[in-house]
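Contents: one structure, followed by commentary.
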Amino acid sequence: MKNSLLFLTAGIAGISSSCDSTKKLPEQPNIIFIMTDDHAYQALSCYGGTINETPNLDRIANEGMLFENSFVTNSISAPSRAVLLTGKLSHLNGQITNGNSFDGSQLTFPKLLQETGYQTAIVGKWHLKSDPTGFDYWNILPGQGDYYNPDFIENGERKNHEGYVTNLITDFTIDWLENRDMEKPFTLLYHHKAPHRSWMPDTADLTLYDDVTFPLPENYWDDYEGRGRAAAEQRMRIDEVMSDCMDLKLCGDLSESEPGGSNKNWMRVYGKMTEKQRIAWNLAYKPKNDAMKEAGLSEKELSEWKFQRYMRDYLRCIHSVDKNVGRLLDYLEENGLSENTVVIYTSDQGFYLGEHGWFDKRFMYEESHKMPLMVKYPPMIEKGSSNKNMVMNLDFAPTILNLAGVTIPNEMQGESLLPILKGENPDNWRKEVYYHYFEYPGAHSVKRHYGIRNDNYKLIHFYFDADYWELYDIKSDPSEMNNLINDPNYDSILQELKQRLYELKDHYGDTPELEQKHLPERMKK
Ligand code: SGN
Ligand code: CA
């Protein structure tokens, strides 16, 4: 899966022995946790992706470890962020959907780090409704935040800033690093909004990829045959759900806005742009929009056109993330911070780039279940290494505490990745991961489901207004097109997986009572 460049780097690292075990590690390394929003592993060149290049994000993998099997436990933003902070699954930390407000009085890893003398900060997307707790400094976007000229809330005070969100988040992050207490170690959460919907690129990148035609995923025209109602009844198809103004950028000047669609939203974000930004925007999109409107596309061609527009905008947003992460990595190097700082890169979940005809996430299918995860820490981690162990976002809090020398509280449900980062191969490491998605009825109409995935198979139970199972052989059917639930050849595998799934449910304490307790009012039956 990894490209040849990575193998080459790994070879060189082997000789130079960058992770000399006799070297004394700093007792309290600095920790930078980078989280993007909706960054699909398919759009990272270090993951073998071929649709774009991410040279700066690849630096983290080349100088550290790439995890090939990292999974989210509930594929949606606020729940993922709450799992990160608490090291507990959604049904225990209470943040089971985006609709909940995070209970900031509970135990989180930043609070424990603060107690042991770390400075803690978060800059960028927060998305947990309640104010951050456990941070000495916070400068967050309200809700989802805006791409252009966004408001930020800095330690409780809301201010507007001119500029592009990915650049601003990086500016504020570097400012904080410059002005921190240099005597203390720090933990910094650098959390991007990009590449979240509606994928608005920086003015500098509006024509990037204009000359690239991205290959349609082979299951773009999926008809969901053989799978249950959830796959067929979702509202995630690129050709059915994307809005003209916000998603497809077909509106431009307000006078051109078409009735219907998301004009109200578009008028708000377009209205916030400066004159200079609007000129750049229209200069880039108008000729392309005019050409599309004149082409008289068939339904099929229009669907493919939407896919191309989506991919170009989405990847443009990632290009800006890549540049800005590069800026931060350069800052660390130039300021002597590279050796004593752990840099972790992940996204709040995976994302669909046209697979099954979709955008968005939520399903336990591979593209939204898997998350990118790369970690660099030169004194400990072998350069250019990769790991296949099954890890979860549930492991992030225990890992960070462990790196900082803090005892991991019993109530945290994840495992520390430290042995793996050191290059050890723990033989009692988990063999499967657990998943539970709750936000239904809700945006994109993905039904509630829970499931189990091991190296070879995935079993999912859809429930609430449905009651059926799906089984996939991931090795032979990585695109999960072939539901084997009724195949007698898989009977014993099915029984084994079901039993393990119920054991995991029990192990993690996931009960229908807790689901009812934490469901937002409008979702309660
Ligand atoms: C918004 C988006 C959805 C997206 C959710 C959750 N719609 O509601 O497409 O699924 O956020 O995303 S939008 O028209 O407002 O962009 S999450 O990553 O924050 O969970
Ligand atoms: Ca997200």
Side-chain angles (χ1 to χ4, degrees), residues 34-43 70-84 90 95-102 124-129 140-148 150 165-166 169 189 191-201 234-238 240-251 260-270 272 306 310 313-314 317-318 321 345-354 357-363 367-373 393 437-447 520 522-523:
I34 312 176
M35 180 177 266
T36 39
D37 196 352
D38 296 352
H39 191 174
Y41 62 88
Q42 309 91 296
S70 173
F71 298 94
V72 70
T73 54
N74 181 359
S75 185
I76 186 164
S77 167
S80 170
R81 289 160 207 273
V83 170
L84 158 67
S90 308
Q95 190 78 37
I96 67 173
T97 69
N98 275 347
N100 299 81
S101 177
F102 183 65
K125 185 166 172 179
W126 167 252
H127 203 204
L128 289 170
K129 292 196 181 165
I140 57 168
L141 294 165
Q144 296 282 10
D146 286 320
Y147 273 106
Y148 279 78
V165 71
T166 308
I169 289 171
L189 277 58
H191 283 193
H192 281 290
K193 169 187 173 59
H196 191 271
R197 192 180 181 191
S198 59
W199 320 291
M200 290 174 76
Q234 45 56 44
R235 297 293 298 149
M236 290 178 20
R237 280 204 62 93
I238 290 170
E240 288 174 6
V241 175
M242 283 195 179
S243 63
D244 285 353
C245 294
M246 288 294 285
D247 293 331
L248 296 167
K249 287 86 180 177
L250 283 167
C251 294
S262 316
N263 292 2
K264 226 172 103 197
N265 287 340
W266 177 245
M267 282 164 77
R268 192 186 68 77
V269 299
Y270 191 73
K272 271 187 90 172
K306 289 181 181 179
Y310 163 50
D313 285 335
Y314 178 86
C317 292
I318 288 174
V321 167
Y345 184 88
T346 190
S347 166
D348 60 347
Q349 2 75 201
F351 213 64
Y352 296 94
L353 302 182
W358 296 341
F359 67 102
D360 214 67
K361 51 258 175 179
R362 299 160 192 271
F363 277 109
E367 292 83 0
S368 49
H369 188 207
K370 220 177 226 191
M371 8 164 47
L373 176 63
N393 59 333
Y437 172 79
F438 304 85
E439 196 178 283
Y440 178 89
H444 300 288
S445 284
V446 173
K447 293 192 191 299
R522 66 167 188 85
M523 292 172 66

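In listed order, ligands and their atoms are each counted from 1.
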Side chain, backbone, both or neither: H196 near ligand 1, heavy atoms under 4.0 Å: side chain
Atoms of the protein (N/O/S only) found under 3.0 Å from the Ca ion (ligand 2): D37 OD1, D38 OD1, D348 OD1, D348 OD2, Q349 OE1
Under-4.0 Å heavy-atom contact with ligand 1, by part of N265 that carries it: neither
Side chain, backbone, both or neither: the part of D247 lying under 4.0 Å from ligand 1 by heavy atom: neither
Proximity of K125 to ligand 1 by residue part, where a heavy atom lies under 4.0 Å: side chain
With sequence neighbours excluded, residues passing salt bridge (Lys or Arg N to Asp or Glu O under 4.0 Å) with D38: K361
Where ligand 1 meets H127 - atom numbers and elements under 4.0 angstrom, heavy-atom basis: 19 (O)
Element-labelled atoms of ligand 1 that are located less than 4.0 Å from some non-hydrogen atom of R362: 4 (C), 5 (C), 6 (C), 10 (O)
Under-4.0 Å heavy-atom contact between protein and atom 17 (S) of ligand 1: yes
Within reach of ligand 1, part of A443 (heavy-atom separation under 4.0 Å): neither
Side-chain donor-acceptor contact under 3.5 Å, K125 with Q144: yes
Proximity of Y314 and F351 rings by center, below 6.0 Å: yes
Residues S75 and Y437: side-chain donor-acceptor under 3.5 angstrom: no
Polar side chain donor-acceptor pair, S347 to Y41, under 3.5 angstrom: no
